[in-house]
There are 2 protein chains.
Amino acid sequence: MTKQIKVESIHEKVYQRLREEITSSELAPGEKITIRQVADMYGVSVMPVREALRQLHTEGLVNYERTGVTVKALSAHEIQQIIEIRKRLELLAMEWALPNLKKEDIKKSEEMLEAMDQRTDDDNDWRLLNKEFHLTLYSYCGSQQLEQIIENLWVSIEPYMRIYTSTVSSLEFAQEQHHEMLHSIKHKNLDEFEKLLNNHLNHTAKVILDNF
Amino acid sequence: MTKQIKVESIHEKVYQRLREEITSSELAPGEKITIRQVADMYGVSVMPVREALRQLHTEGLVNYERTGVTVKALSAHEIQQIIEIRKRLELLAMEWALPNLKKEDIKKSEEMLEAMDQRTDDDNDWRLLNKEFHLTLYSYCGSQQLEQIIENLWVSIEPYMRIYTSTVSSLEFAQEQHHEMLHSIKHKNLDEFEKLLNNHLNHTAKVILDNF
DNA sequence: ATATGTGATATGTGATCACAAAGGAAGTAG
DNA sequence: CTACTTCCTTTGTGATCACATATCACATAT
């Protein structure tokens, strides 16, 4: 038996790091990225940075322009569209996940929610937990492809979620909705979940767009 | 006024070429790709090939394994799931496209369909036209993101569409469905379109999976 | 003073070289 | 004859160098 060693290549690390910086808005939408600058900053050559940026470009997080690379900026309309797409796909994911969800899985999600209830004072913490909460539920859908698409959509609007999480009342309202959604999941009530999900995402969109 | 010159970089060309070879099954699912081999074949260095493969990897068309890169092979279940995702997203695309479709756009699609009627004897021709027919309609949806996702899904199962297009009776049946779908679009009847689209994709899935 | 042309800088792209790790082949011990 | 070890080949990865093009600044001419 060989112990699988996690060998993470440099371009993978750079990719993860850049992606984190984009989603956390350390690199703001529209900001310029230069390959050599990133390479120097991380103490690597330009090669891994190029591959990382190429991947981010394919995922739609950065734009290659005539000169330089910039962090992709979304219009209000695009954000609205992405949220609409999420409605459809996250419903489908839960549709597929429901039969696979065991009691202990739901129990785990409930605990996660309770942990989040205690973190409504820290945007950044809550934002990460929120992502984990949703994506964990969808991960039971049994489709790599669907999971991947949903995560990509999630990541692409994550820079704008700061607008959402910076409103304290939103977080507490969102937690209410989360509890209701999990309740509907517990009772395998997909129609109810659909309504709640749509409300949840409508509210998310509204808060973001009102403060855009 | 500057006349935008289309400067296509080498990695872009390699990407297009490899993607075409994969979707047309010249490179079969599971087949091994080596960077240097591709580089030599196209008379370029390994660099552009690496970037092209990285992009294809992000799109899910190739796998990076411990040694070598292979063309992604889908299971029957994955194909079924992708088609299910397509149902939801293509319905959404058409929902958004309907208000934007002008009479002349529909007229153009009708002409495309009629051209396809004459090509049911040539799988490959018909396959390309079929893709163009559908994606052109969706292109009016007004969402780059949605278009991109749909095209990616389309491309990822395209290698398996040969199974579908190699059945002559399928093509003629598909054409009937296409005419019906376009008819419902012409009359802005989204509910009807949804039914037809689902039937169309169910049939596609059935033919592929029966001959898998 | 403004506009145009020219040169310098910045930056993405491509080629080549070197390296490390994995897989396979061959040789040797039991 | 089998199994294990060793060496070589394959192959992806990363670094460095060279190049082309776009942008910007400055100078010069009208």
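What separates CE of A:Met47 from C1' of C:dA15 is a distance of 11 Å, to the nearest Å. To the nearest angstrom, P of D:dG12 lies 12 Å from CG of B:Asp40.
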With 3.5 Å as the limit, what N/O pairs link the protein to nucleotides 24-26 of chain C?
none

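A salt bridge does not link B:Lys108 with B:Glu104: none of the charged nitrogens is closer than 4.0 Å to a carboxylate oxygen.
For A:Tyr64, the ring pair (Phe, Tyr, Trp, His ring centres under 6.0 Å) criterion is met by A:His57, not counting sequence neighbours. For B:Gln37, the side-chain hydrogen bond (donor to acceptor under 3.5 Å, both in side chains) criterion is met by B:Thr34, not counting sequence neighbours. When the side-chain hydrogen bond (donor to acceptor under 3.5 Å, both in side chains) test is applied to B:Glu31, no partner is found at least two apart in sequence or on another chain. Evaluation of the side-chain hydrogen bond (donor to acceptor under 3.5 Å, both in side chains) rule for A:Glu194 yields no partner, not counting sequence neighbours. Residues that satisfy the ring pair (Phe, Tyr, Trp, His ring centres under 6.0 Å) test with A:Trp154, not counting sequence neighbours, are A:His134. Legend: residues meeting side-chain hydrogen bond (donor to acceptor under 3.5 Å, both in side chains) with B:Glu12, ordered by chain and number and at least two apart, are B:Gln16. Among residues two or more places apart in sequence or in another chain, the ring pair (Phe, Tyr, Trp, His ring centres under 6.0 Å) test is passed with A:Phe133 by A:His178.
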DNA chain D base-pair string [pairs: Watson-Crick or G-U under 3.5 Å; |: paired with another strand]: ||||||||||||||||||||||||||||||
Quick one: side chains of residues 202-210 of chain A, donor-acceptor pairs under 3.5 Å with protein atoms, not counting sequence neighbours, listed by atom name and distance.
from, atom 1, to, atom 2, distance (Å)
A:Asn202, OD1, A:Lys87, NZ, 2.6
A:Asn202, ND2, A:Asn198, O, 3.1
A:Thr204, OG1, A:His200, O, 2.8
A:Lys206, NZ, A:Asp210, OD2, 2.7

Base-contact (B) and sugar-phosphate-only (S) positions in nucleotides 8-13 of chain C, heavy-atom cut-off under 4.0 Å, - elsewhere: ---BBB
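Here salt bridge (Lys or Arg N to Asp or Glu O under 4.0 Å) pairs that include residues 155-166 of chain A, with residues two or more places apart or in two chains, are A:Arg127-A:Glu158, A:Lys131-A:Glu158.
Within the 4.0 Å cut-off from OP1 or OP2 of D:dG14, not a single side-chain nitrogen or oxygen of A:Ser45 is found.
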